Amino acid sequence: GAVVSQHPSRVICKSGTSVKIECRSLDFQATTMFWYRQFPKQSLMLMATSNEGSKATYEQGVEKDKFLINHASLTLSTLTVTSAHPEDSSFYICSASASGGVGASTDTQYFGPGTRLTVL
Amino acid sequence: RKEVEQDPGPFNVPEGATVAFNCTYSNSASQSFFWYRQDCRKEPKLLMSVYSSGNEDGRFTAQLNRASQYISLLIRDSKLSDSATYLCVVWVGTASKLTFGTGTRLQVTL
């Protein structure tokens, strides 16, 4: 199957700093990338959907100025958590789809291994 | 009401047992249905898609009842390696996104 990588796998930072997480599709071109967040014992929650070359679409309640998403190429999307605070500590997971997923309900999303963010 | 609801468990079963998980979804516009498996502190991995006619993959059988908006997963002859959290996942085409349940934790013991 297709491979999606994330970097870093784990990051610990001080409150107020910004953290950038990279998501790469290694062997396919990802038209669409999705960013999820998972708090302990909770389900994955979609934060935003990004299409290459266009602005990300954020889910309700997700601050676009706090969670900056850039999808500059068909193999790379980045999520920057700006001015991180302890409540932003979570497991951030990206997924990538080769076909965009719009109207193609059976498109497979390939998940990255996740990034565990701890804000002190 | 949550869009996708699952019994959180945990289900503790002995090796070799048969175990069934249920899931209900609220959005009648949901188009596709999946079961994912998530190991502790790892990303979710697709276990199988779920079709209206029911489908089987080895020891795993999935069923979908669109009228009741209900999805099930049956695991036969449980193995220790089946221990994980099983996520019920729904694709809503109009929203172009996957919606995840909170998962049901399975612990298979000797």
Side-chain angles (χ1 to χ4, degrees), chain A residues 1-7 9-10 21 23-25 31-51 54 56-60 62 89-97 99-118, chain B residues 1-10 21 23-52 55 62 64 66 71 84-107:
Chain A
V3 178
V4 175
S5 70
Q6 270 185 252
H7 179 79
S9 59
R10 168 172 282 194
I21 302 169
C23 177
R24 292 181 185 272
S25 56
T31 307
T32 305
M33 287 187 171
F34 303 84
W35 286 96
Y36 296 85
R37 179 168 55 179
Q38 186 177 32
F39 292 107
K41 299 189 187 303
Q42 294 187 26
S43 60
L44 272 76
M45 296 299 294
L46 180 66
M47 298 175 68
T49 302
S50 79
N51 292 293
S54 61
T57 301
Y58 289 80
E59 293 298 299
Q60 193 172 8
V62 178
S89 298
S90 188
F91 190 45
Y92 292 85
I93 308 174
C94 74
S95 72
S97 170
S99 303
V102 177
S105 59
T106 55
D107 279 355
T108 299
Q109 287 187 26
Y110 299 96
F111 285 85
T115 296
R116 195 160 299 279
L117 170 64
T118 302
Chain B
R1 183 186 171 187
K2 291 180 183 174
E3 289 189 57
V4 180
E5 296 215 49
Q6 295 181 251
D7 180 344
F21 303 139
C23 166
T24 56
Y25 60 95
S26 61
N27 191 334
S28 59
S30 301
Q31 293 176 273
S32 298
F33 311 89
F34 311 91
W35 284 100
Y36 277 73
R37 169 194 170 128
Q38 186 174 26
D39 292 290
C40 189
R41 304 174 82 85
K42 300 282 187 182
E43 77 277 21
K45 294 187 176 175
L46 180 64
L47 181 65
M48 60 196 301
S49 300
V50 188
Y51 304 112
S52 297
N55 49 299
L64 166 65
R66 285 186 185 268
I71 307 162
T85 296
Y86 289 82
L87 306 172
C88 178
V89 184
V90 168
W91 170 268
V92 181
T94 52
S96 295
K97 68 176 186 179
L98 292 175
T99 301
F100 288 77
T102 51
T104 299
R105 195 156 68 85
L106 171 66
Q107 183 66 52

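We use all heavy atoms of the structure for the numbers below, so side chains are in, but hydrogens, waters and symmetry mates are not. None of these values were measured; they are calculated from a predicted model. All chains are named by letter (A, B, ...) in the order of the sequence lines, taking the proteins before the strands, and each is independently numbered beginning at 1.
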Name the region of B/Arg105, side chain, backbone, both or neither, that has any atom closer than 4.5 Å to a heavy atom of chain A.
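No part of it gets close to chain A.
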
Region of B/Gln38 that comes under 4.5 Å of a non-hydrogen atom in chain A:
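The answer is the side chain of B/Gln38.
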
Contacting moiety of [X], where chain B heavy atoms sit under 4.5 Å:
X	result
A/Gln6	neither
A/Leu46	side chain
A/Phe111	both

With respect to chain A, which residue among B/Gly101, B/Pro8, B/Ser49, B/Gly103 yields the maximal number of heavy-atom pairs within a distance under 4.5 Å?
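With the most close heavy-atom pairs to chain A, the winner is B/Gly101.
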
Any donor-acceptor N or O pair under 3.5 Å, side chains A/Tyr36, A/Gln109
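Their side chains do contain a donor-acceptor pair, which is all the 3.5 Å distance test asks for.
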
Heavy-atom distance under 4.5 Å between the side chains of B/Pro44 and A/Ile93, does that happen here?
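Result yes, sub-4.5 Å side-chain heavy-atom pair found.
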
Do you know which of A/Gln42, A/Gln38, A/Arg116 has the most heavy-atom pairs with chain B at a distance under 4.5 angstrom?
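Heavy-atom pair counts peak at A/Arg116.
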
Around atom CZ of B/Arg66, are there more than 12 heavy atoms from other residues, nucleotides or ligands closer than 6.0 Å?
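Buried by this count: over 12 neighbours within 6.0 Å.
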
Does atom CE (B/Met48) have a neighbourhood of more than 12 heavy atoms from anything else shown, all under 6.0 Å?
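Enclosed.
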
Once rounded to the nearest 0.5 Å, what's the spacing between atom OG1 of B/Thr85 and atom NZ of B/Lys42?
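It is 14.0 Å, given to the nearest 0.5 Å.
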
Quiz item: cation-pi between A/Arg37 and A/Tyr92, 6.0 Å / 45°:
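No, a cation-pi geometry is absent between A/Arg37 and A/Tyr92.
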
